[in-house]
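In what follows, chains carry the letters A, B, and so on, assigned in the order in which the sequence lines appear, proteins first and then strands, with residues in each chain numbered from 1.
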2 protein chains.
Amino acid sequence: MNMNRGNMNNAHPRRMTQQRRAILDAVARLGCHPTADQVFEMVRREMPKVSLSTVYRNLGILAEQGDILPVRGYGDEVHYDHNTHEHYHGICRICGRMIDLPADTVKASAMSDEWRERDGFEAEEIVVTVTGICSGCLNATQKG
Amino acid sequence: MNMNRGNMNNAHPRRMTQQRRAILDAVARLGCHPTADQVFEMVRREMPKVSLSTVYRNLGILAEQGDILPVRGYGDEVHYDHNTHEHYHGICRICGRMIDLPADTVKASAMSDEWRERDGFEAEEIVVTVTGICSGCLNATQKG
DNA sequence: ATAGGTGCAAAACTTTTGCGTCAAG
DNA sequence: CTTGACGCAAAAGTTTTGCACCTAT
C-alpha cells in the first residue's frame, strides 16, 4: 500500500526489525484504534523484553511512513489506526470504543469549497470525530 | 447564555471568584483559542500570585458549565474557545494559528443520518478539524 | 459560619531523549 | 562491517491532586 515508506531519497534507510513488525502487526490485529500503551501490552506478550520507548519510536516511524494513522482528540492519548483509507471516527460515550465511519468525501469537499470562498481558508486535511452511541450500546439500552 | 451553569440540583454551588472571572475574561480577550499556559500568562499579568493549577481547575469548571469549549486534537495541549456556538476549526500549518470556521450544520446533519442508517451509530456531537493554510499565509505565499 | 476555592508543592501520566549495546542489511 | 534500532533509565511536558489557608456567599 505504501511501497515508498517515506524513503524518497535514501537518506534514512529503515530496517524492518522484529519489533517494528510486531508493533505494526499489533496495531492491525488489535483493530480498535489502540494507544501506545495498549500496543505495548500486546507486543510484550510475545516479546517480553520489548520496551515502551521502542513502541513509541516505532509508532511514530510507522505513522510517518503512512503505514498507520495517528488519531488525536479523544482523551489525552494518541490512538493508532491501521486503516489508512480516508474515513472518520465515532466514539461511543457509553463503552468508549472508537469505530470507523466510512467517509463521504463529497460532503467534506463541499464544505472545503465554502471555507475557501467565505473564509479564505485553503483546506488540506479534514478530520471528523463524532461522539455518540454505537449500535451495540444502543441495542443494550433499548432492551432495558 | 448559560444561565444554568451546570448546577441542575444545587449540589455544587459555584462561586464567581476573582480568579475564575479573570480566567474566563482572558479566554474571551485572547480570542485565538489559548492553551492553559497562555491563559495563565495572561491572567498573571494582572494577578501575579495566581497559580497554574487554579487556571487548570477553572478552565475545567468553565468548560463543564459550558462557558467555554475545550478543543483537543491539535498538538498535545488542550485549547479553549470562548465561542460556544457550533462551529468548526481550521489550523494553519504555516503559522499554527487556529481560526473559527462557521459550521454548515446541514451537511454535518446529513452525514449524521447516513451514519445512523449505514453504521447504526447515533451521532450526538460532531467535531470537524481542518488543517490547511489560512488566508494570511496564503497571501504571503503568493506575494513571494 | 460554612464549604468551595486558592496557592503551593508534589505526583501522575504520556511521550521524548541520551547512551551504551545489539543486530539488520 | 556500518549504522539504524533497541532497552533502559532519566527527563520533559502537560495536567491533576493533597492540603492548609482564604474568601464568597
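- Summarising the geometry, the separation between CG on L62(A) and P on dA5(D) is reported as 11 Å, rounded to the nearest angstrom.
- Note that OG1 of T129(A) and NE2 of H89(A) are 7.5 Å apart. Values are rounded to the nearest 0.5 Å.
- Comparing the local axis fitted to the first five base pairs of the helix from dA1(C)-dT25(D) to dG25(C)-dC1(D) with the one fitted to its last five gives a bend of 40°, rounded to 10°.
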Check nucleotides 17-21 of chain C for protein N or O atoms closer than 3.5 Å to its own N or O atoms and list the pairs.
none

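- When the nearest nucleotides of DNA chain C are assigned to N58(B) and A36(A) by heavy-atom distance, the more 5′-ward of the two goes with N58(B).
- A heavy-atom distance below 4.5 Å is not found between the side chains of Q19(A) and V43(A).
- Rounded to whole Å, atom P of dT14(C) lies 7 Å from atom OH of Y56(A).
- The CD atom of E64(A) sits 16 Å away from the C1' atom of dT15(C) (whole-angstrom rounding).
- Between K107(B) and E114(A) a salt bridge is recorded (basic side-chain N to carboxylate O distance below 4.0 Å).
- Counting to the nearest Å, the P atom of dT15(C) and the CD1 atom of I23(A) are 14 Å from each other.
- Computed from coordinates, the L59(B) CG to dT14(D) P distance equals 14 Å when rounded to whole Å.
- Atom OG1 of T131(B) and atom CD of E125(A) lie 5.0 Å apart (nearest 0.5 Å).
- Across the protein-nucleic acid pair, L52(A) atom CG and dG7(D) atom C1' stand 11 Å apart, rounded to whole Å.
- Salt-bridge formation is detected for the pair E64(A)/R14(A): a Lys NZ or Arg NE/NH1/NH2 atom is positioned less than 4.0 Å from an Asp or Glu carboxylate oxygen.
- A side-chain donor from one of S51(A) and T54(A) sits under 3.5 Å from a side-chain acceptor of the other.
- Comparing dT6(C), dG7(D), dT15(D) against the side chain of E77(B) picks out dT15(D) as the nearest.
- The nearest heavy atom of DNA chain C to D76(B) and to V55(B) marks one nucleotide each, and the one closer to the 5' end goes with V55(B).
- For the pair F121(B) and L101(A), the minimum side-chain heavy-atom distance is below 4.5 Å.
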Between the protein and nucleotides 23-25 of chain D, which nitrogen or oxygen pairs are less than 3.5 angstrom apart?
residue, atom, partner, partner atom, Å
dT23(D), O2, R15(B), NH1, 3.2
dA24(D), N3, R15(B), NH1, 3.4
dT25(D), OP1, M16(B), N, 3.4

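- If you measure from atom NZ of K49(B) to atom P of dA9(C), you get 10 Å, rounded to the nearest angstrom.
- Going from atom CZ of R21(A) over to atom C1' of dA24(C) covers 11 Å, rounded to whole Å.
- The main-chain N or O of H85(B) is found under 3.5 Å from a side-chain atom of H87(B) such that the two form a donor-acceptor pair.
- L59(A) contributes atom CG, which lies 12.0 Å from atom CZ of F40(A) (distance to the nearest 0.5 angstrom).
- Counting all heavy atoms, side chain and backbone alike, V27(B) lies closest to P34(B) at CA-CG, 4.2 Å.
- Note that CD1 of I23(B) is 7.0 Å distant from OG1 of T17(B), once rounded to the nearest 0.5 Å.
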